[in-house]
Asks: 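Take this structure, written in structure tokens, and hold onto it; I'll ask about it next.
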Amino acid sequence: QVQLVESGGGLVQTGGSLRLSCALSGRTFSSYFMSWFRQAPGKEREFVSLIPSNGGSTYYTDSVKGRFTVSRDNAKDTIYLQMNSLKPEDTAVYYCAAKSGLRYSVDAGAYDYWGQGTQVTVSS
């Protein structure tokens, strides 16, 4: 069974940093994409960052460019989201997601597997 487990969320002050981790297990597909999404109360789930399985080009939504960095550890089937210069508007539940295949997507509905989410709260 495919599982995604996020960790690393917490409470941080404006300007601080957090590092999220997402461990993928039970994978049977070889080509896939893993992404980070986030959802704040009363808002639609939004795309944050994407990384391909082959270590190719990463992608970020405009609001986090220059502050967040996505990376992967192939040996562990784990991706990370390093979040620096955090702002109150970054407060949300952050979800790790995966989709198989060769076509990327920034739409939540395209993803096959989801983690349980980890809360990130940035105080003002």
Asks: Against L11, only a single residue in L18, V120, T121, T91 fulfils side-chain contact (heavy atoms from CB on, under 4.5 Å); can you say which?
Replies: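 Exactly one option meets the side-chain contact (heavy atoms from CB on, under 4.5 Å) with L11, and it is T121.
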Asks: Fit a plane to each ring of F29 and Y113, take the angle between them on a 0 to 90° scale, and name the class: parallel (under 30°), tilted (30 to 60°) or perpendicular (over 60°).
Replies: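 Ring orientation, 0 to 90° scale: parallel.
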Asks: Applying the side-chain contact (heavy atoms from CB on, under 4.5 Å) criterion to C96, which one of T78, L24, I79 satisfies it?
Replies: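 Of the listed residues T78, L24, I79, the side-chain contact (heavy atoms from CB on, under 4.5 Å) partner of C96 is I79.
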Asks: Would the distance check show the side chain of S31 and the main-chain N or O of G101 forming a donor-acceptor pair, the cut-off being under 3.5 Å?
Replies: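 No, S31 side chain to G101 backbone: no donor-acceptor pair under 3.5 Å.
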Asks: Above 12 or not: heavy atoms from other molecules or residues under 6.0 Å from OH of Y80?
Replies: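 More than 12 within 6.0 Å, yes.
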Asks: Does R45 reach the main-chain N or O of G109 with its side chain, forming a donor-acceptor pair under 3.5 Å?
Replies: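 Looks like no, no N/O pair under 3.5 Å.
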Asks: Tell me if the centroids of the rings in F37 and Y111 come within less than 6.0 Å of each other.
Replies: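 Aromatic pair counts; centres sit under 6.0 Å.
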Asks: Under the 3.5 angstrom rule, does the side chain of T14 hit a backbone N or O of S123 as a donor-acceptor pair?
Replies: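 Here the side-chain-to-backbone pair exists.
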Asks: Counting only N and O atoms by type, is there a donor-acceptor contact under 3.5 Å from the side chain of E6 to the main-chain atoms of G117?
Replies: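 Side chain of E6 to backbone of G117, a donor-acceptor pair under 3.5 Å: yes, one is there.
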Asks: Following the transitive rule for hydrophobic clusters with a side-chain heavy-atom cut-off under 4.5 Å over Ile, Leu, Val, Met, Phe, Trp and Tyr, establish whether V64 and M34 coincide in one cluster.
Replies: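 V64 and M34: one cluster.
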Asks: Would a distance-only check, ignoring hydrogens and angles, find a side-chain to backbone donor-acceptor pair under 3.5 Å from Q116 to V5?
Replies: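 Not at all, since once roles are kept as given, no pair shorter than 3.5 Å links the two residues.
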Asks: Would you check if the side chain of Y60 reaches a backbone N or O of V70 as a donor-acceptor pair within less than 3.5 Å?
Replies: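 Answer holds: yes.
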Asks: For a 4.5 angstrom cut-off between non-hydrogen side-chain atoms, does W36 reach M83?
Replies: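 Not in contact.
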Asks: Is the count of non-hydrogen atoms from other residues, nucleotides or ligands lying under 6.0 Å from K65 atom NZ greater than 12?
Replies: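 Counting neighbours around NZ of K65, more than 12 heavy atoms of other residues, nucleotides or ligands fall under 6.0 Å, so yes.
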Asks: May I ask you to test the P52-Y104 pair for a side-chain heavy-atom distance under 4.5 Å?
Replies: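 No, too far: nothing below the 4.5 Å cut-off.
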